[in-house]
Protein chains: 2
Amino acid sequence: MSTATENFVKAIYNNNSHDAHNTKPGNIAKKLGISSAAATDMAKKLAAKDLLNYQKYQELQLTEKGRKMAMNIIRKHRLWEAFLFKMFDMSLHDIHKEAELLEHQTSDLLANKMSEYLGHPKFDPHGDPIPNAHGEITTTDTSFPLSQAAAGNTYIISRLTSDDKEFFEFCAQHKLKYGHEIKVSKQFKNNKMTELSVHNNTILLNEDFTTLIYVNSTK
Amino acid sequence: MSTATENFVKAIYNNNSHDAHNTKPGNIAKKLGISSAAATDMAKKLAAKDLLNYQKYQELQLTEKGRKMAMNIIRKHRLWEAFLFKMFDMSLHDIHKEAELLEHQTSDLLANKMSEYLGHPKFDPHGDPIPNAHGEITTTDTSFPLSQAAAGNTYIISRLTSDDKEFFEFCAQHKLKYGHEIKVSKQFKNNKMTELSVHNNTILLNEDFTTLIYVNSTK
DNA sequence: AAAAATTTTTAAGCTTACTTAAAAATTAAT
DNA sequence: ATTAATTTTTAAGTAAGCTTAAAAATTTTT
Ligand SMILES: [Mn+2]
Ligand SMILES: [Mn+2]
Ligand SMILES: [Mn+2]
Ligand SMILES: [Mn+2]
């Protein structure tokens, strides 16, 4: 399948899993940076290939075949990220950019070799789960955005859900990395700000960031 | 530039360097598996982009800009081959197939990281030279096809110039690998066959193979 | 329940990268 | 030097993936 097809299917899958899920063509179009006319067009073509269900004005739904394709691409994407992150000294943003392209030109054989080399990792460097070769995610996600964390508790960063360069640069600079421990000292509910300490440094984050940083309670 | 453009430019370059050089659209078309009409079409488009010189019925010639592009892609191709060959246990044919796709989706940054990781290798696993980041090949090639080797002498395999799976399987099976030493025992000029020994095994090769295997004299 | 605003779809058109079939030019053979 | 064979070019057409602009349907607001 073409890169355009794969990105489209992937966008639907990601939209359904994370975000509030408006899976109509217009919203998918926004994520892909194309017109909604193009997205409607593509939706019809993919429906003809049995990758999704399309009915005028309704939400798009991946078929089982479509979901499998999405998982296969996401697997390759996250394996590339994990691989490039480990092998070379590349930033979270850079590995994402490379993976966005490489994911479409990677054989299952190569993906499996990478997975094996890495010891079949369960998570990529952003903390997102890596589907196995059968397209399954076996881990269960109990994390929640930092905006919902309680003051006084410590947490482990479990995911950084963005592809913005500045966000990652900020995170890197302040040691906000996958797996690191943080302590929330205050939640300013009205101002939607969160005060926390990382490695003995206190920082104040606004909602733009605290909804992108996911954490798990340290049981 | 698109994958189609890059493959076209690369095909012209490769045609001019190795083979007897008929660089007219029809011959390039054959190598790429497209119609000559498509190749003529593409040639005109690339001429408009100053990647090559096109005149009706004449041979295609890369401009300096075109040559630079070809070298950049070939560099990425061969770095991928070297990298995949080293990292994973993949055959010469498999690494070529993967490289053929990955070469078009690789940033200069990533290519440089790979080169650095590998210690800036001068040759890929087929024995082909890897251009540096400036698009230059600094090594000089003194090798010649095995078909032209003299009986009684020993040689070092310097290149395996094919992308055929069966050819590589045969080579792998008989230890005909880049860098290995062989001894030519007889040249059957009339039958265009070459008898040689590799690792104490004697084999007889026909011209189909002896023109693909390049060697250097052991001074 | 209308009216207004927003979103989705349709329609028409563009570029890239191909195809086949024919016409035109070149190259090889007599 | 013609003729024949081969190759290249032109012409016409297709599919994928886009665009913008308009029409149609949905959703929100009043
Ligand atoms: Mn992508
Ligand atoms: Mn990721
Ligand atoms: Mn290629
Ligand atoms: Mn090679």
Side-chain angles (χ1 to χ4, degrees), chain A residues 1-16 19-62 65-66 69-70 73 100-101 103-105, chain B residues 1-16 19-62 65-66 69-70 73 100-101 103-105:
Chain A
M1 289 295 155
S2 69
T3 295
T5 295
E6 293 185 349
N7 281 335
F8 198 89
V9 164
K10 200 178 69 159
I12 296 174
Y13 180 88
N14 280 332
N15 194 251
N16 278 345
D19 321 34
H21 36 266
N22 165 7
T23 324
K24 288 181 186 167
N27 196 39
I28 302 301
K30 219 173 281 170
K31 313 237 168 181
L32 293 172
I34 60 178
S35 69
S36 21
T40 300
D41 230 55
M42 181 63 93
K44 286 178 184 170
K45 278 179 196 159
L46 299 198
K49 287 178 183 160
D50 192 33
L51 290 168
L52 52 79
N53 299 126
Y54 172 72
Q55 284 175 226
K56 275 190 190 184
Y57 303 103
Q58 300 308 119
E59 307 234 326
L60 305 176
Q61 290 182 310
L62 292 182
K65 191 174 161 194
M69 174 181 283
I73 303 153
E100 201 58 57
L101 300 178
E103 63 186 359
H104 308 290
Q105 311 296 153
Chain B
M1 290 295 155
S2 70
T3 294
T5 295
E6 294 185 349
N7 280 335
F8 198 88
V9 165
K10 199 179 69 158
I12 295 175
Y13 180 89
N14 280 332
N15 195 252
N16 279 345
D19 320 34
H21 35 267
N22 164 6
T23 324
K24 289 182 186 164
N27 197 38
I28 302 301
K30 218 174 281 169
K31 312 237 169 183
L32 293 172
I34 60 178
S35 69
S36 18
T40 300
D41 228 58
M42 181 63 93
K44 288 179 183 170
K45 278 180 197 159
L46 300 198
K49 287 178 182 163
D50 192 33
L51 291 167
L52 53 79
N53 299 127
Y54 172 73
Q55 285 175 225
K56 277 190 189 183
Y57 303 103
Q58 301 306 120
E59 306 232 327
L60 305 177
Q61 289 182 310
L62 290 182
K65 191 174 160 194
M69 175 182 283
I73 302 153
E100 202 57 57
L101 301 178
E103 62 185 359
H104 308 290
Q105 311 297 153

How close do A/A29 and A/A39 get, counting heavy atoms only, and between which atoms? CB-CB, 3.8 Å
In whole angstrom, what separates B/F8's CZ from C/dA17's P? 11 Å
Between atom NZ of B/K10 and atom CD of B/E100, what is the distance when rounded to the nearest 0.5 Å? 3.5 Å
When we call it a touch if two heavy atoms are under 4.0 Å apart, what does A/K24 touch: a base, just sugar-phosphate, or nothing? sugar-phosphate
Are the side chain of B/N27 and the backbone N or O of B/N22 linked by a donor-acceptor pair below 3.5 Å? yes
Could you give the CD-to-P distance, from B/E59 to C/dT26, as a whole number of Å? 14 Å
Just to be sure I understand the rule, does A/A38 reach a base, reach only the sugar-phosphate, or reach nothing, if contact means heavy atoms closer than 4.0 Å? base
Assign each of A/Y57 and A/S2 to its nearest nucleotide of DNA chain D by heavy atoms, then name whichever residue's nucleotide is nearer the 5' end. A/S2
Audit row: A/K45, A/T5, side-chain contact (heavy atoms from CB on, under 4.5 Å) steps and yes/no: CA-CA 9 Å; A/K45 278 179 196 159; A/T5 295; over 6 Å; no
Just call it for A/K30: base, sugar-phosphate, or nothing, with non-hydrogen atoms closer than 4.0 Å on any strand. nothing
Run the side-chain contact (heavy atoms from CB on, under 4.5 Å) test on B/K49 and B/M1 for me, step by step, so that the C-alpha distance in whole Å, both residues' side-chain angles and the decisive distance to 0.1 Å come before the verdict. CA-CA 10 Å; B/K49 287 178 182 163; B/M1 290 295 155; 4.2 Å; yes
Here's a test of your reading of the structure: between B/S35 and B/K49, which maps to the more 5' nucleotide of DNA chain C? B/K49
Could you tell me the Watson-Crick or G-U partner of D/dT30, where both distances fall under 3.5 Å? Say none if there is no partner. C/dA1
Classify A/Y54 by what it touches in the nucleic acid, base, sugar-phosphate, or nothing, heavy-atom distance under 4.0 Å. sugar-phosphate
Length of the CE-P vector between B/M42 and C/dT16, whole Å: 10 Å
Quick one: pull up CG in A/L62 and CG in A/N16 and give me the separation to the nearest 0.5 Å. 6.5 Å
Could you tell me how far apart B/I34 (CD1) and C/dT19 (P) are, to the nearest whole angstrom? 6 Å
Taking 5' to 3' order, which nucleotide of DNA chain D is first and which is last to have an atom within less than 4.0 Å of a heavy atom in chain A? D/dA16 to D/dT27
Just call it for A/A39: base, sugar-phosphate, or nothing, with non-hydrogen atoms closer than 4.0 Å on any strand. nothing
Taking all heavy atoms of B/L52 and all of B/A43, pick out the closest pair and write down the distance. CD1-O, 3.4 Å
